[in-house]
Structures are given as C-alpha cells and as structure tokens.
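Presented below is the structure to which this report refers.
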Amino acid sequence: MRLATLLLCFAAPALSQPAADIVILGEVHDNPDAHLGQAAVLEELQPTAVVFEMLTAEEADKADADRTRIEAAWEASGWPDYPIYAPLFDPLDEARIIGAAAPRDSVKTVYSDGAATVFGPDATLYGLDAPLAQEEQATREAMQFAAHCEAMPLDMMGGMVAVQRYRDAVFARAALEALEAYGPPVAVIAGNGHARTDWGIPAMIARAAPQVTTHAIGFVESQTDIPFDETRIVPPADRDDPCATLNIQ
C-alpha cells in the first residue's frame, strides 16, 4: 500500500518529460521513503538496466542471473539494510542488474597512487588526471570533514575527495557501458553526493560522453542547495545522531 501511494505521488513528475538516456536516482542511504520514491520512478521509467553503487560487478552478476539470489548478493556486499532496498528490485522485470562498486583494494590504492592511475587509460576522459580548481577542492574537503563528524584530521580529506572523484567516474563509466549494451533508459542508484549535477555522475558523463542525456533526481529530507535536475523531499528517517558515539569534545 505504501509503495502504491508513492507511485501515485511520483508518477506524474516521472512522466512529465521524455526520459533521459541515463537517470540518476540519488538517496539518503538509510531512509526507507527515499528508496520507495526511487522504486516508484523505476516503475514508471522501466529501465533497460539499473546500475547499483552498492554491488560489485560479481555480486550483481549473480543477482542478475538468478533473481532469487538478490538478497544473498546484497548481504555479501556488506551493505546494510536490505529490507529497505528490496522495493527497488520489485519493478525491474527484465532490467539488467549492474554492479558498479569499486573493489575495496582499488579504493585503498587511490590514496597512495591517485585516482587516475587506479582508474586506468580512460582517466583523462573523466578528468581524473587533472587537479580540481583550488576553490572546489577546498569546498569538497570541507564537506568531507563535516560528513565525517570532524573526527578525522582535515589534511586527510584530500584523499577522500580523490576517492569520491574515482567512484563517480566508475559509476559513470558503468552507466555508459550499460547504455551501450542495453540502450536507454539506464537508471543509476547512488547516494545524493554522487547524483549532484555539478561534479557527480552527471558531470562525469557530460565530460566523457557529451551526447548522452542525463536527469538527476535527489531524494532528500529537507530543502537543499545541492544541485539536482529535480529534487524530491521525503520524510526524515528516524535515526540516532551518527556523530554522538564518537564522543567529540
């Protein structure tokens, strides 16, 4: 019943304009209503493939080959809260399940070797071989600092920004490969930080394949200045203060 209600709420915006080649659906990871909203869009969109931030290629291949193994693949990924993500898989029908989670070893190597080296020959295509403008770098480091409860040294945030850029490029590449293999529309499920249009997945796609159209929807819990093509507000999740357990003085 809850999903049916959300389908009614979200159907009109989803169908109000032709679907882009790639539709990026942002989320607050632990918010069940954000995932119900994403599921409603998937129901309307009927994508050919859905790229998941949470699953590796191997895990997604298992889930795609046998839909009864989706939950097991999710559990193997280490990503929590499968029950609140389960509605995303209900509308998929024949849509392919694509995993874009970078292997942990690769993510760790970004800190030492840099995003461009780890990403490979196409790094230039996604701009990973060039440093960010100083102002953007500083802004992104400050955001990472705040996101980590200011509990880690600020000078470590440069590495985290590099990892974020690397992961955005990995997700963008996976979406473009899915588009080439299966045709439009392709959907991407990822956190709101990856869905932002100024430097997230949409920006990476625009740089690597400017002929490809994208549409980014951010599912957020309050008004935000994060740039999306479309913003949808969902009720806040009931959660404890994530920084409280760190005993920050």
Side-chain angles (χ1 to χ4, degrees), residues 1-47 49-55 70 74 77 79-92 95 97-101 143-144 146-147 164 167-168 171-172 174-175 178 185-205 213-242:
M1 178 62 70
R2 194 177 189 189
L3 177 55
T5 301
L6 279 163
L7 282 171
L8 289 174
C9 293
F10 292 136
L15 295 175
S16 63
Q17 57 185 343
D21 295 324
I22 298 174
V23 178
I24 301 98
L25 302 178
E27 66 178 47
V28 178
H29 294 311
D30 65 348
N31 188 305
D33 287 302
H35 302 310
L36 290 175
Q38 291 171 317
V41 174
L42 293 176
E43 181 70 31
E44 294 296 324
L45 187 65
Q46 290 295 295
V50 182
V51 177
F52 285 88
E53 169 190 356
M54 303 81 187
L55 299 173
I70 290 173
W74 193 273
S77 76
W79 201 274
D81 299 325
Y82 173 74
I84 69 173
Y85 279 91
L88 294 176
F89 295 97
D90 293 338
L92 297 196
I97 299 172
I98 309 295
M143 291 175 62
Q144 289 288 343
Q164 186 84 351
R167 295 180 71 210
D168 284 337
F171 301 157
V186 169
V188 181
I189 301 295
N192 281 325
H194 298 295
R196 57 187 299 153
T197 56
D198 53 353
W199 61 56
I201 298 167
M204 291 287 188
I205 291 173
T213 59
T214 63
H215 187 79
I217 304 175
F219 288 89
V220 300
E221 296 181 335
S222 62
Q223 292 291 345
T224 178
D225 59 359
I226 298 175
F228 303 112
D229 294 306
E230 186 179 341
T231 301
R232 303 192 187 181
I233 299 176
V234 297
D238 183 15
R239 65 174 70 85
D240 295 330
D241 181 354

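Each residue takes its place number in the sequence, starting with 1. Keep in mind it's a predicted model, so treat the numbers as computed, not measured.
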Could you pull out the closest heavy-atom pair between P202 and A216, with the gap in Å?
CG-CB, 3.9 Å

Heavy-atom check, side chain of H29 versus side chain of E53, under 4.5 Å:
yes

Can you name the nearest heavy-atom pair linking A39 to P87, along with the distance?
CB-O, 3.5 Å

Which heavy atom of L55 sits nearest to which heavy atom of S77, and what is that distance?
CD2-CB, 4.1 Å

Say whether, by atom type as modelled, one donor and one acceptor occur between the side chain of W79 and the main chain of W74 under 3.5 angstrom.
no

Do V188 and H194 have side-chain heavy atoms sitting under 4.5 Å apart?
no

Any donor and acceptor pair, going by atom type alone, linking the side chain of N31 with main-chain N or O of A34 inside 3.5 Å?
yes

In chain order, what residues pass the side chain to side chain donor-acceptor pair (under 3.5 Å) check against T213, with sequence neighbours excluded?
D21

Inter-residue atom distance T231.OG1 - Q223.CD, 0.5 Å rounding
7.5 Å

Is it the case that the side chain of E221 and the backbone of A237 share a donor-acceptor pair, with hydrogens and angles ignored and the cut-off at 3.5 Å?
yes

Partner set under ring-ring contact (aromatic ring centres under 6.0 Å, His included) for F89, not counting sequence neighbours
F52

The salt bridge (charged side-chain N to carboxylate O under 4.0 Å, His left out) partners of D30 (sequence neighbours excluded) come to R239

Minimum heavy-atom separation for I98 and A178, please, with both atom names.
CG1-CB, 4.4 Å

Restricting to side chain to side chain donor-acceptor pair (under 3.5 Å), what partner residues turn up for D229, sequence neighbours left out?
none

Report the distance from atom CD of E43 to atom CG of L88, rounding to the nearest 0.5 Å.
12.0 Å

Closest non-hydrogen atom pair, N192 against G218
OD1-CA, 3.5 Å

Side chain of E27, backbone of I189: donor and acceptor closer than 3.5 Å?
no

Report the distance from atom CG of L25 to atom NE2 of H215, rounding to the nearest 0.5 Å.
9.0 Å

Rounded distance (nearest 0.5 Å) linking atom CZ of F219 with atom CD of Q38
6.0 Å

For the OG1 atom of T197 and the CD1 atom of I205, what is their distance to the nearest 0.5 Å?
12.0 Å

State which residues pass side chain to side chain donor-acceptor pair (under 3.5 Å) with D238; sequence neighbours excluded, sorted by chain then number.
none

Do V51 and I22 have side-chain heavy atoms sitting under 4.5 Å apart?
no

Could you report the tightest heavy-atom contact between I201 and A190, atom names first, then the distance?
CD1-CB, 4.2 Å

Heavy-atom side-chain proximity of V234 to V28 below 4.5 angstrom:
no

Could I get the full list of salt bridge (charged side-chain N to carboxylate O under 4.0 Å, His left out) partners for D198, not counting sequence neighbours?
R196

Taking the side chain as C-beta and beyond, is there a heavy-atom pair between I226 and V220 under 4.5 Å?
no

